[in-house]
Amino acid sequence: MKISIFGVGYVGLVTGVCFAEMGNTVMCCDIDQKKVDLLKRGQSPIYEPGLSELIESNLYAKRLMFTTEIETTVMSASMIFIAVGTPSDVDGSSDLKYVLSVAKSIGHFINEDKVIIVKSTVPVGTCLKVKEQVLESMKARGVSYQVDVVSNPEFLKEGSAINDCLRPNRVVIGLENKNLKELFLQLYSPFFPKENQAIYFMDLASSELTKYAANAMLATRISFMNEISRLCEQVDANIESVRLGIGSDPRIGSQFLYAGIGYGGSCFPKDVRALLKTAASYDLSFELLQAVELINQKQRHHFTKRILSFFEGDLKGKTFTIWGLAFKPGTDDIREAPSLDVISFLLERGAKIQAFDPEAMIHVQRHFGNKFFDRELHIKYYEDQYEALAGASCLIVVTEWKSFRQPDFERIKKTLDTPVIFDGRNIYDSQQMKEKGFHYFPVGKKITSIKSRLG
Ligand SMILES: NC(=O)c1ccc[n+]([C@@H]2O[C@H](COP(=O)([O-])OP(=O)(O)OC[C@H]3O[C@@H](n4cnc5c(N)ncnc54)[C@H](O)[C@@H]3O)[C@@H](O)[C@H]2O)c1
């Protein structure tokens, strides 16, 4: 099949590469010239395990092409995917300017009947707006072709995006024109084993809402566990034990039940806000989701407050090591990452930061620029996780990269000024930390105190 895709971000690029891997011919278009130049040379502009290899092999096989030319992209396929960003607008609603601008361009260059597939996460009603926009642009040119708009939300997870895309647990397709069912069965069947073709067809609105409902449910599980973890801290219970105890119930399931420093990333925070906004526009207050968002903010605050109280309210001039900047392991994405809040909190109080992340340092460097408000910016980045510890008052683990899970604790202890670890991801064992002589602050578990040893 011939496919065009607008947007080569985390979703558009992975989708394009995976369609090409299945033998389709895919033209990917982005307005970012730098990204497209890199991709044409076979280099990935983002970090995603396994992505670079697939870009290279599919470019070589001439099944995958990259361009900034809108006209070529519109004309080269009858199936056009929209996978551009839908960031939060100032009021929390989803900003559709990129999606609608692509729709306008499609109408401007359309040369035959087209099927336009919206892969971006968009509020209910957007697919119809896309169709309206294309029809309007066609009318202005005085041309008329059949335009079908389809909703096909994406459920991949950064860090395992290639696997999620090549072996999805389900594909959701929202259709107006039921005659298109066969086309999408043909497109997606190769991604499933014959006995489990989990391709769900539904109406446009249900499909658009499914994506938000999925992310809202996952965010709810995280906030629920974070709230339980706060109670664990009060009653001397262990959130890990509670997680195992409830997660083994098939009605609950074990995934997305981890307490920590709160959810971040490019999807959950903005999608929760957008769903709240959609609900509000129908006079529904969605109290549950409001609480989910509030708990998430509180959880980050709770974590940083603990650091502040351990250092008796005075962080000025102290150095803190941060391990992990990406919003989760396996990606370089820092959108709404907890690390940004932790760093800002510490800098605001006059602290200095020594940071390490295997993939995301360059993005955090760009995010903070050269100054912190009008002050000098005290962040140093290290290529080695242990070198980042030298002379620091404590280690703060914010992202659970694999190389942090079983570190050389003796080296950590020797290199830090004081053996203190704040663990926002619960990756260490409290008893082991005690035995190794660390003052250890996990989430929802007993704190290991060695205050006497610190003098
Ligand atoms: N990142 C995820 O894990 C994920 C998962 C599922 C769904 N989604 C959704 O998918 C959509 C895309 O997310 P993303 O993370 O890939 O975004 P992204 O910001 O990584 O990429 C968006 C890309 O679109 C490009 N773009 C903007 N306007 C364009 C235009 N007119 N023509 C061509 N390209 C244009 C940008 O330059 C950018 O490269 C969003 O709606 C998001 O909510 C994201």
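All figures in this text were calculated on a predicted structure; none of them were measured in a lab. What you see below is based on every heavy atom in this structure, not just the backbone, and it leaves out hydrogens, waters and symmetry mates. Every number for a ligand or one of its atoms is a count from 1 in the order of the listing.
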Are any of the heavy atoms in Lys157 under 4.0 Å away from ligand 1?
no

Judged by atom type as modelled, is there a donor-acceptor pair below 3.5 Å linking the side chain of Arg425 to the main-chain atoms of Glu400?
no

Logged contact type for Ser120 with ligand 1, heavy-atom cut-off 4.0 Å, is both

Under 3.5 Å, N or O to N or O, is Tyr10 touching ligand 1 that way?
yes

Within reach of ligand 1, part of Lys97 (heavy-atom separation under 4.0 Å)
neither

Atoms of ligand 1 less than 4.0 Å from Ser266 heavy atoms?
1 (N), 2 (C)

Could you label the plane-to-plane angle of the Phe422 and Phe441 rings as parallel, tilted or perpendicular, counting under 30° as parallel and over 60° as perpendicular?
parallel

Whether Arg221 side chain and Tyr258 backbone form a donor-acceptor pair below 3.5 Å:
no

Counting N and O atoms only, with roles assigned by atom type, does the side chain of Lys211 sit under 3.5 Å from a partner on the main chain of Val122, one being a donor and the other an acceptor?
no

For Ser105, which part has a heavy atom under 4.0 Å from ligand 1: side chain, backbone, both, or neither?
neither

Would you mind checking which non-hydrogen protein atom is closest to atom 22 (C) of ligand 1, with the distance to 0.1 Å?
Gly85 N, 3.6 Å

Selected option - heavy-atom contact closest to atom 32 (N) of ligand 1, from Val36, Ile31, Val99:
Ile31

With Arg170 as the cation and Tyr200 as the aromatic partner, state whether NZ or CZ is under 6.0 Å from the six-membered ring centre and within 45° of the axis.
no

If we set the cut-off at 4.0 Å for heavy atoms, which region of Cys29 has an atom near ligand 1: side chain, backbone, both, or neither?
backbone

Once the angle between the rings of His301 and Phe345 is folded into 0 to 90°, is it parallel (under 30°), tilted (30 to 60°) or perpendicular (over 60°)?
perpendicular

Using heavy-atom distances only, which candidate in Lys270, Lys35, Lys119 approaches atom 42 (C) of ligand 1 most closely?
Lys270

